[in-house]
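These figures come from a predicted structure and were not determined experimentally.
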Amino acid sequence: MVNTTTTAGLIGVVLLARHGDRTGYYQDPATYNSTQAYITPLGEQQEYELGTFLRNTYLNSDSPSFIQNISTDVANINQLAVRADAGGGNVILNSAYALLQGLYPSTKKSEITLANGTTVVPPLGGYQYIPVESLEFWQSPSLTSWMDCEYFVDHLDRLYVSSTFLNMSSTAAPFLTALKPYLGSVSNNFTNMIYDHVNVQYTYNKTYYETLPPTFLQQARYYSDWLQRNVFTDSVQNGIGQISIRTLLPEVIWALGNMTKPSNQVKINIQEIDYKPFISLFNVTNATLTDPEISGTVNYASVVALELSQNSQGQHEVSMKFKNGTQDSQFRQLKMFGNTSITLDSLIQQLFWTTINSTNNWCFSCNQTINRGCSVFNFSNDPFLYGYGTGYTG
């Protein structure tokens, strides 16, 4: 399974990127449906810096992670596949655009010369227009699969009455009581997204920043991490608590598999998402067993890289790396199933059976018969959510 010798450079990479800083929003603890949120200038800058980091990592010929045969300055849109969740405000979609500005910044190298000898540079100093596929809530459950999922609500109900949850809620009670004066109209119930409110106010409200007692922000983050970890994981790989990654994995597997084909042109596949799939991904791959500190909510502008290479035996290998927002200056190597790299075949064997890759599968897995297209679904003709299966034949 494990091979340490690879050929020079990468074949390609699949990137899971979290959006940048945003305005506050409300997430219903009973369903995890949420209100709209919008990206801030800080969030745009975070994503731009992430794009610059990724440019230095994958488009720099001196980098050990340089992607073979990729266009480095002028974007070749056939080499890029970018998809972003467009529901719930503009924060995720606009994060994708900001990231791409850093990945492929404006350049005069994209200029053209007309027949009459006139040289034309695109607007904004050679701004590069890279297409982003925006996925609305109503189009597919792929990037928001926990929403309108009845069995996920059942999962939440079981969690909230479990002894583990009740014990942690009791432990947190004194802090939540002390925090109440700093929450305004926000409930201090342990199920609520208290950290989000505290963090937004601490970032943008000068009076709040100056008066919030020391350690309160860190304590709010600690309890939030515990809660989100338990909401978006499960005791088994195909548990409903992991649904946020189970509907995203088909795209990941398909993209990696497609990169192994001689006819493939895509070198970088980017999925711009929120925090939930990261928690589930780290759990289903056992990455948290060796790096337990990554088990909570990832920071804004975090990224997971699934790098595809080929070893000296001709096998395709996948390595998973993680950068936790601006907290990390470089990638850290993670382990999947105890190994720093595994063959693509092994990755598919370990994970594909857990995936939810069709509308039929999602409706059945969520006990949903009405919303998100389930009411009109033709069960005798099961179209894939994404239009394909794994796309990989070995």
Side-chain angles (χ1 to χ4, degrees), residues 16 19 25-37 83-89 91-93 133-162 165 191-193 227-254 271-281 283-284 351-390:
L16 308 182
H19 59 80
Y25 80 138
Y26 175 72
Q27 193 161 249
D28 186 349
T31 62
Y32 272 74
N33 289 347
S34 59
T35 58
Q36 293 188 338
R83 186 172 69 154
D85 175 13
V91 58
I92 299 179
L93 181 59
E133 177 191 357
S134 60
L135 193 64
E136 298 287 349
F137 170 83
W138 54 267
Q139 289 179 301
S140 166
S142 176
L143 301 181
T144 53
S145 52
W146 59 93
M147 299 178 72
D148 284 347
C149 180
E150 296 298 327
Y151 283 149
F152 183 75
V153 173
D154 292 343
H155 163 74
L156 293 173
D157 291 341
R158 289 192 298 271
L159 171 63
Y160 294 156
V161 297
S162 68
F165 177 86
T191 62
N192 211 2
M193 286 195 66
L227 178 61
Q228 299 307 308
R229 179 169 64 248
N230 282 272
V231 167
F232 289 102
T233 62
D234 216 309
S235 57
V236 292
Q237 278 186 303
N238 64 339
I240 199 67
Q242 328 245 53
I243 194 169
S244 63
I245 194 61
R246 292 174 61 200
T247 52
L248 183 53
L249 279 173
E251 168 73 16
V252 172
I253 293 173
W254 175 82
Q271 303 292 308
E272 192 81 29
I273 53 178
D274 75 354
Y275 70 91
K276 302 170 183 73
F278 291 89
I279 298 174
S280 301
L281 175 65
N283 192 58
V284 299
L351 293 178
F352 188 70
W353 71 277
T354 72
T355 63
I356 297 174
N357 62 0
S358 70
T359 305
N360 181 8
N361 200 345
W362 183 84
C363 295
F364 178 79
S365 298
C366 286
N367 193 32
Q368 180 58 258
T369 60
I370 300 174
N371 296 334
R372 309 194 79 169
C374 294
S375 62
V376 296
F377 188 76
N378 180 0
F379 288 90
S380 65
N381 180 24
D382 179 12
F384 278 2
L385 279 170
Y386 317 97
Y388 43 69
T390 68

Checklist entry - Should R246 and S365 be marked as a side chain to side chain donor-acceptor pair (under 3.5 Å) after you check the CA-CA gap, both sets of side-chain angles, and the distance that decides it? => result CA-CA 11 Å; R246 292 174 61 200; S365 298; 4.5 Å; no
Item to check | Stepwise side-chain contact (heavy atoms from CB on, under 4.5 Å) test for L249 and F352 | outcome: CA-CA 8 Å; L249 279 173; F352 188 70; over 6 Å; no
Next on the checklist: Under the criterion side-chain contact (heavy atoms from CB on, under 4.5 Å), I'd like the reasoning laid out for V231 against F152: C-alpha separation, chi angles, the key distance, then a yes or no.
Outcome noted: CA-CA 9 Å; V231 167; F152 183 75; 3.7 Å; yes
Next on the checklist: Assess the residue pair Q228 and I279 against the criterion (side-chain contact (heavy atoms from CB on, under 4.5 Å)); give the C-alpha distance rounded to whole Å, side-chain angles, the decisive distance to 0.1 Å, and a yes or no.
Outcome noted: CA-CA 8 Å; Q228 299 307 308; I279 298 174; 3.8 Å; yes
Checklist entry - When you look at T369 and C363, which way does the side-chain contact (heavy atoms from CB on, under 4.5 Å) test go after all the steps? => result CA-CA 6 Å; T369 60; C363 295; over 6 Å; no
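Residues L143 and A84 approach most closely at CD1-C, 3.9 Å, considering heavy atoms. Closest approach of F165 to L159, counting heavy atoms only: CB-O, 3.0 Å. For the residue pair I240 and D234, the shortest heavy atom distance occurs at N-OD2, 3.2 Å. Taking both residues in full, the closest heavy atoms of N230 and H155 are given as O-NE2, 3.6 Å, listed atom of the first, atom of the second, then distance. The heavy-atom pair separating I356 from P250 by the smallest distance is O-CG, 3.8 Å. Here the shortest heavy-atom pairing between A86 and L93 reads CB-CD2, 4.4 Å.
Between I92 and I273 the shortest side-chain heavy-atom distance does not fall below 4.5 Å. In this structure, D85 and L135 have side chains that are not in contact, with every pair of non-hydrogen atoms separated by 4.5 Å or more. Looking at I253 and N357, their side chains never come closer than 4.5 Å, going by heavy atoms from C-beta outward. Residues Y25 and M193 meet the side-chain proximity criterion, which asks for heavy atoms closer than 4.5 Å. Using a 4.5 Å heavy-atom cutoff, the side chains of C366 and E150 are not in contact. Counting heavy atoms from C-beta outward, V284 and I245 have side chains that approach closer than 4.5 Å.
With hydrogens and angles ignored, the 3.5 Å screen pairs no side-chain donor or acceptor of N283 with any backbone N or O of T233. When atom types are taken as modelled, the side chain of W362 and the backbone of S145 share a donor-acceptor pair closer than 3.5 angstrom. A donor-acceptor contact shorter than 3.5 Å links the side chain of S358 to the backbone of N361. The closest donor-acceptor contact from the side chain of S140 to the backbone of S142 lies under 3.5 Å. A donor-acceptor pair is defined here as one N or O able to donate and one able to accept, closer than 3.5 Å; no such pair exists between the side chain of H19 and the backbone of E272. The backbone N or O of S34 lies less than 3.5 Å from no partner atom in the side chain of Q27, so there is not a single donor-acceptor pair. Although no hydrogens or angles enter the test, the distance criterion places a donor-acceptor pair under 3.5 Å between the side chain of Q368 and the main chain of D148.
Other residues, nucleotides and ligands contribute only 12 or fewer heavy atoms inside 6.0 Å of the OH atom of Y151.
With no hydrogens or angles considered, a side-chain donor-acceptor pair links E251 and Q271 at under 3.5 Å. Looking only at atom types and distance, the side chain of S280 has a donor-acceptor partner in the side chain of S244 under 3.5 Å away. Checking R372 against T359 by side-chain atom types alone, no donor-acceptor pair falls below 3.5 Å. Checking Y26 against Q36 by side-chain atom types alone, no donor-acceptor pair falls below 3.5 Å.
A distance of 9.0 Å separates CG of N192 from CG of D28, quoted to the nearest 0.5 Å. Here the straight-line distance linking atom CG of D157 with atom OG of S162 works out to 11.5 Å at 0.5 Å rounding.
Between Y32 and F232, the ring centre distance stays below 6.0 Å.
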